[in-house]
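Here's the structure we're looking at; comments come further down.
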Amino acid sequence: MRIREVGAGALLLECDDGAQVEAWRAELWRQRAAGRLAATEIVPAARTVLLDGLTDPAATATLIAGWPPPPAAGTATGTLVEIPTRYDGPDLEAVAGHWGVPPAEAVRRLTDTEFQVAFAGFAPGFAYLRGLPEGWEVPRLATPRTVVPAGSVALAGPYAGIYPTASPGGWRLVGHTDVTLFDVHREPPALLMPGTRVRLVAR
């Protein structure tokens with residue numbers, strides 16, 4: 001893990017992979033909750049963790065560098081959220097074909113997988129869900145759709161995700177849910193936060 005100063009009040013932790021990101025995300029949140037770290041925002045991404053709102057980034061970098069590396073992210077312990085999913089997406093057969101299995105087996109694989117929110121982005125409430133085993137990566141569409149319906153459950157690369165609102169997108173659509181992913185009147189507004197465990201339950 002490498003630490004870089006970003007601007008006047010932020011640090012960027014550059015990690016080797018998503019597992020190291022999750023380990024540091026969990027450790028930094030734990031240290032902040034214990035009052036040993038003052039950061040307004042701690043934001044994980046695919047290979048980095050951003051700490052923003054620091055009064056003294058250099059001192060914070062020295063502090064973090066002195067901590068032992070957090071243990072590798074093992075069994076996830078975050079809150080479990082079950083998402084009722086209708087597996088009727090237009091790309092389900094293509095995904096099953098990519099995996100070399102019938103569509104029913106592809107659905108079984110997805111329902112048996114426990115995902116975890118790695119990070120958020122793209123749109124408010126959109127969570128990148130990791131948990132697909134190695135070798136199950138799914139290529140994006142060659143040409144993105146101009147409109148993907150809200151609630152679409154989709155796959156791309158090593159991630160699963162759910163479109164919180166209608167938008168363009170190139171992920172493979174395998175299903176749909178009526179669950180509201182983002183609501184400004186809810187606290188927190190996003191249903192799926194980093195660390196949250198997720199199951200895409202067939203309905």
Side-chain angles (χ1 to χ4, degrees), residues 6-7 9-13 15 18 21-35 37-55 73 76-87 89 110-111 113-132 140 144-203:
V6 179
L11 293 174
L12 192 68
L13 277 58
C15 299
V21 168
E22 173 56 21
W24 273 106
R25 192 279 310 164
E27 176 67 8
L28 293 167
W29 282 22
R30 189 179 69 84
Q31 295 283 3
R32 183 172 63 177
L37 174 67
T40 305
E41 300 285 350
I42 300 173
V43 184
R47 293 292 181 91
T48 61
V49 183
L50 176 71
L51 287 80
D52 199 9
L54 305 175
T55 55
T77 58
T79 302
L80 175 64
V81 174
E82 293 187 342
I83 304 291
T85 302
R86 295 190 299 276
Y87 284 96
L110 292 169
T111 56
T113 299
E114 181 172 292
F115 294 93
Q116 185 178 30
V117 178
F119 57 96
F122 170 61
F126 188 93
Y128 289 76
L129 307 177
R130 66 175 189 162
L132 289 175
R140 293 170 181 260
R145 293 181 170 90
T146 55
V147 179
V148 174
S152 293
V153 176
L155 306 176
Y159 300 110
I162 306 168
Y163 285 78
T165 56
S167 68
W171 290 39
R172 304 272 180 172
L173 309 184
V174 296
H176 185 271
T177 183
D178 295 326
V179 170
T180 300
L181 276 299
F182 189 83
D183 182 350
V184 294
H185 301 294
R186 190 170 58 199
E187 183 56 39
L191 177 65
L192 304 179
M193 304 286 286
T196 302
R197 298 151 54 215
V198 178
R199 282 197 173 275
L200 304 173
V201 180
R203 53 172 292 187

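Just so you know, these numbers use all the heavy atoms, side chains as well, and skip hydrogens, waters and symmetry mates.
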Examine Phe126 together with Tyr159 and report whether their ring centres are nearer than 6.0 Å.
-> no

Hey, does the side chain of [X] reach the backbone of [Y] with a donor-acceptor pair shorter than 3.5 angstrom?
{"X": "Arg140", "Y": "Gly157", "result": "no"}
{"X": "Arg172", "Y": "Gly89", "result": "no"}
{"X": "Arg32", "Y": "Ala39", "result": "yes"}
{"X": "Thr196", "Y": "Met193", "result": "yes"}
{"X": "Thr177", "Y": "Pro84", "result": "yes"}

The reported gap from CD in Glu27 to CD1 in Ile42 (rounded to nearest 0.5 angstrom) is 10.0 Å

Euclidean distance, Phe115 CZ relative to Ile162 CD1, rounded to 0.5 Å |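 Reported to 0.5 Å precision, the distance equals 9.5 Å.
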
For the residue pair [X] and [Y], what are the closest heavy atoms and their distance?
{"X": "Pro168", "Y": "Val148", "result": "C-CG2, 4.2 Å"}
{"X": "Leu173", "Y": "Arg145", "result": "CG-NH1, 3.5 Å"}
{"X": "Gly125", "Y": "Pro164", "result": "C-CG, 3.9 Å"}
{"X": "Gly131", "Y": "Thr113", "result": "O-CG2, 3.5 Å"}
{"X": "Thr85", "Y": "Gly175", "result": "CG2-CA, 4.4 Å"}

Just say parallel, tilted or perpendicular for the rings of Trp171 and Tyr163, cut-offs at 30° and 60°.
-> perpendicular

Side chains of Leu200 and Val174 in contact at under 4.5 Å (non-hydrogen atoms) = no

